[in-house]
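Beneath this line is the structure, given in structure tokens, with notes to follow.
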Amino acid sequence: MLDHLITQDADLRMVPVDRGALIARVDRLRQELAALPKGAGPARVRVLTRWIGVGQMCLGRHDDARTYLRRSLALAEVIGDTHAVVATGINLGDSYRYTGEWRAAEALYRGALDTARSRHPELVDFALQHTGKHLMEHGDLADAEALLREALRLRIAKGDGELIASTQAALARLRQLTGRADAPGASS
């Protein structure tokens with residue numbers, strides 16, 4: 001929904017490709033949310049609130065992002081959409097990580113990873129990647145490396161070149177932080 005408007009910066013955080021275009025798209029999503037008929041199904045509200053939250057996070061509007069992401073997460077829980085619980089929990093974790101609120105981010109990432117491992121194995125690599133980046137930013141480089149290497153292994157098994165490249169970029173960033181030219185998996 002917003003993928004074409006979001007990229008990653010040097011610190012592997014989501015940022016706008018075109019700030020004005022992202023603002024306009026988030027505004028359109030807000031209008032769509034406001035225009036939903038009273039009693040609209042929670043599934044559409046959940047999707048819209050998640051993407052509004054992600055957009056706001058990328059724009060640096062973290063309080064607003066968290067309001068939308070919490071609403072989306074609550075709706076996912078109510079309707080029993082554990083796939084969305086994992087994805088939205090990770091997004092909410094990112095919003096806390098981006099503002100240095102490590103404990104809140106850690107709890108959300110660990111919860112998402114646990115749920116992915118038990119209920120959605122197809123999302124384990126996603127949860128590992130974000131948890132690993134969180135640990136890397138927090139200075140827990142050994143644990144970050146272990147999680148990122150596991151994510152890379154899973155992504156290689158999936159055969160998704162874009163995901164593999166994303167994890168390789170995270171491992172390269174880890175290599176920069178550790179000053180090691182030989183971080184395992186960095187160029188696998």
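Along the sequence shown, the residues carry numbers beginning at 1.
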- Asp63, CG atom: more than 12 neighbouring heavy atoms under 6.0 Å: no

Linking I/L/V/M/F/W/Y whenever their side-chain heavy atoms sit closer than 4.5 Å, directly or via other members, would [X] and [Y] fall into one cluster?
| X | Y | result |
| --- | --- | --- |
| Tyr96 | Val85 | yes |
| Ile90 | Leu48 | no |
| Leu92 | Leu75 | yes |
| Ile79 | Val86 | no |
| Leu36 | Val47 | yes |

State, to 0.1 Å, how close [X] and [Y] come at their nearest heavy-atom pair, and which atoms those are.
| X | Y | value |
| --- | --- | --- |
| Leu174 | Ala144 | CD1-CB, 4.5 Å |
| Gly55 | Val26 | CA-CG2, 3.7 Å |
| Leu163 | Lys158 | CD1-CD, 4.4 Å |

- Task: Output, in order, the C-alpha distance, side-chain angles, deciding distance and verdict of side chain to side chain contact (heavy atoms under 4.5 Å, CB included) for Tyr109 and Lys133.
- Result: CA-CA 10 Å; Tyr109 290 134; Lys133 290 193 302 186; over 6 Å; no

What distance separates [X] [atom1] from [Y] [atom2], expressed to the nearest 0.5 Å?
| X | Y | atom1 | atom2 | result |
| --- | --- | --- | --- | --- |
| Glu101 | Leu108 | CD | CG | 10.5 Å |
| Thr88 | Asp81 | OG1 | CG | 8.0 Å |
| Ile52 | Met1 | CD1 | CE | 9.0 Å |
| Arg66 | Asp94 | CZ | CG | 11.0 Å |
| Arg13 | Cys58 | CZ | SG | 11.5 Å |
| Thr7 | Leu22 | OG1 | CG | 12.0 Å |

- Message: Checking the side chain of Ser166 only, and the main-chain atoms of Glu162 only, is there a donor and an acceptor separated by less than 3.5 Å?
- Response: no

- Item | Thr49 side chain to Leu69 backbone, donor-acceptor under 3.5 Å | no

- In chain order, what residues pass the salt bridge (Lys or Arg N to Asp or Glu O under 4.0 Å) check against Arg50, with sequence neighbours excluded? none

- Non-neighbouring partners of Arg61 that pass salt bridge (Lys or Arg N to Asp or Glu O under 4.0 Å), sequence neighbours left out: none

Could you check if a side-chain atom of [X] sits within less than 4.5 angstrom of a side-chain atom of [Y], using non-hydrogen atoms only?
| X | Y | result |
| --- | --- | --- |
| Gln8 | Arg173 | no |
| Arg97 | Met57 | no |
| Ile164 | Arg155 | yes |
| Val45 | Arg71 | yes |
| Met136 | Leu12 | yes |
| Leu29 | Glu32 | yes |
| Leu128 | Thr131 | no |
| Val54 | Ile6 | yes |

Could you label the plane-to-plane angle of the [X] and [Y] rings as parallel, tilted or perpendicular, counting under 30° as parallel and over 60° as perpendicular?
| X | Y | value |
| --- | --- | --- |
| His62 | Tyr98 | perpendicular |
| Phe126 | His130 | perpendicular |
| His83 | His120 | perpendicular |

- Task: Indicate yes or no: does Arg117 engage Asp114 in a salt bridge with an N to O separation below 4.0 Å.
- Result: no

- Message: Glu106 vs Leu135, test: side chain to side chain contact (heavy atoms under 4.5 Å, CB included). Steps then yes/no.
- Response: CA-CA 8 Å; Glu106 176 89 12; Leu135 292 173; 3.8 Å; yes

